[in-house]
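Numbers here are sequence positions counted from 1. These figures come from a predicted structure and were not determined experimentally.
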Amino acid sequence: MLTIHAAPLVLPVGAAAVADGAVAVDGDRIAALGPYEEVVAAYPAARVRRWPGLLTPGLRQDRALELLTGCYHPDPRESDELGELPLWGEEFERLAATMDTARRAGSVRRGLQRMLRHGTTHLAGLLDAEDPALRTAVSRAGLVRVPPAPARSGPPDLDPFAAGGDLARTAGAPLTAGGRADLAVFDVPDEAALRAGGARACVATVLAGRLVHRAR
């Protein structure tokens, strides 16, 4: 079914912002992008999803390999003992020393789910090489894989904006008619607020036309 995703502000990247904008999605492709009234008039039978805030391209996570292979993402049932944030460094090494295959695979799956909750649709890095759990989970998740980004030091962050880039540098690919429908929606008024607060404001992620995360 064709779906229209509408928001008070659409930032396609590489094109002008659209106030009270909309993106029409047909299957895994963007059918149209523009002012809400024009898009709805062009596709009157489409289902409409209205979102708050800002609609953008899906984001690119440049430290995906570190987040998935060098961090442990606790199961919610472990939150009392381990907390909810990714464990990195010495904490990860301590757990990894006794981690079996099933627990490792579970961490990778949860890491991917948490990336989707941060608006991520593109993963940078060599993610299909030698780790079977990683290769299988990434393939099933359907996120777009792109070449590795320059290495950075310090703990990796699920928020792609933690690196300090603007939306144009952090987006996976611009929103264009005919392009793949990878979208993210953030409950903030503009790009400045998005960069200041980060991708934790994500309320929806659309991956190849599928709504894979919805916070409300």
Side-chain angles (χ1 to χ4, degrees), residues 2-26 28-43 46-64 67 112-124 141-144 146 149 157-216:
L2 196 144
T3 301
I4 292 173
H5 296 274
L9 184 62
V10 174
L11 295 182
V13 172
V18 185
D20 191 17
V23 178
V25 174
D26 189 4
D28 66 351
R29 297 286 137 180
I30 295 174
L33 185 156
Y36 172 77
E37 296 297 340
E38 293 181 10
V39 175
V40 169
Y43 299 95
R47 173 178 56 186
V48 176
R49 293 189 185 272
R50 282 192 169 274
W51 303 106
L54 185 65
L55 190 156
T56 75
L59 306 181
R60 185 188 68 250
Q61 174 54 257
D62 285 342
R63 303 187 71 177
L67 282 164
L112 289 166
Q113 291 163 2
R114 288 163 183 169
M115 289 181 192
L116 290 171
R117 294 204 294 266
H118 286 73
T120 297
T121 58
H122 290 60
L123 303 179
L143 286 89
V144 180
V146 297
D157 198 303
L158 286 165
D159 180 2
F161 288 105
D166 59 10
L167 179 60
R169 291 173 56 192
T170 309
L175 301 181
T176 58
R180 181 170 141 139
D182 296 318
L183 324 173
V185 184
F186 303 92
D187 193 4
V188 295
D190 53 32
E191 183 181 348
L194 175 58
R195 292 179 63 188
R200 290 169 181 82
C202 182
V203 295
T205 305
V206 175
L207 183 65
R210 297 177 294 117
L211 183 63
V212 293
H213 163 61
R214 181 176 184 174
R216 59 174 63 187

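With a 4.5 Å cut-off on side-chain heavy atoms, D182 and D28 do not count as touching. Contact annotation: the side chain of R180 approaches that of L207 to within less than 4.5 Å [non-hydrogen atoms, C-beta and beyond]. Proximity of H5 to V185: side-chain heavy atoms (C-beta onward) are nowhere separated by under 4.5 Å.
A distance of 8.5 Å separates OG1 in T176 from CG in L33, rounded to the nearest 0.5 Å. Separating the CD1 atom in I30 from the CG atom in L175 is a distance of 4.5 Å, to the nearest 0.5 Å.
Smallest separation of non-hydrogen atoms from Q61 and R63: OE1-N, 2.9 Å. Residues D187 and V203 share a closest heavy-atom pair of CB-CG1, 3.8 Å. What you find for P57 and A173 is that their closest heavy atoms are CB-O, 3.1 Å. Taking every heavy atom of both residues into account, A31 and A177 meet most closely at O-CB, 4.2 Å. In plain terms, the two heavy atoms of R210 and A141 that are nearest each other are NH2-O, 3.8 Å.
In this structure, F186 and F161 have perpendicular ring planes: the angle between them is above 60°, well past the 30° mark.
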Extract all donor-acceptor atom pairs below 3.5 Å that involve side chains of residues 115-123 and protein atoms in other chains or at least two apart in sequence.
residue: H118; atom: ND1; partner: R114; partner atom: O; Å: 2.7
residue: T120; atom: OG1; partner: M115; partner atom: O; Å: 3.4

Cut-off 3.5 Å, no hydrogens considered: what does the side-chain donor-acceptor table look like for residues 7-26, sequence neighbours left out?
none

query = Between D166 and R195, does a side chain to side chain contact (heavy atoms under 4.5 Å, CB included) hold up when you go through it step by step?
reply = CA-CA 7 Å; D166 59 10; R195 292 179 63 188; 3.6 Å; yes
inquiry  = Could you go through R200 and D159, starting from their C-alpha distance and side-chain angles, then the distance that decides it, and tell me whether this counts as salt bridge (charged side-chain N to carboxylate O under 4.0 Å, His left out)?
reply    = CA-CA 7 Å; R200 290 169 181 82; D159 180 2; 3.5 Å; yes
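Residues passing the side chain to side chain contact (heavy atoms under 4.5 Å, CB included) test with R47 are M1, T3, R49, sequence neighbours excluded.
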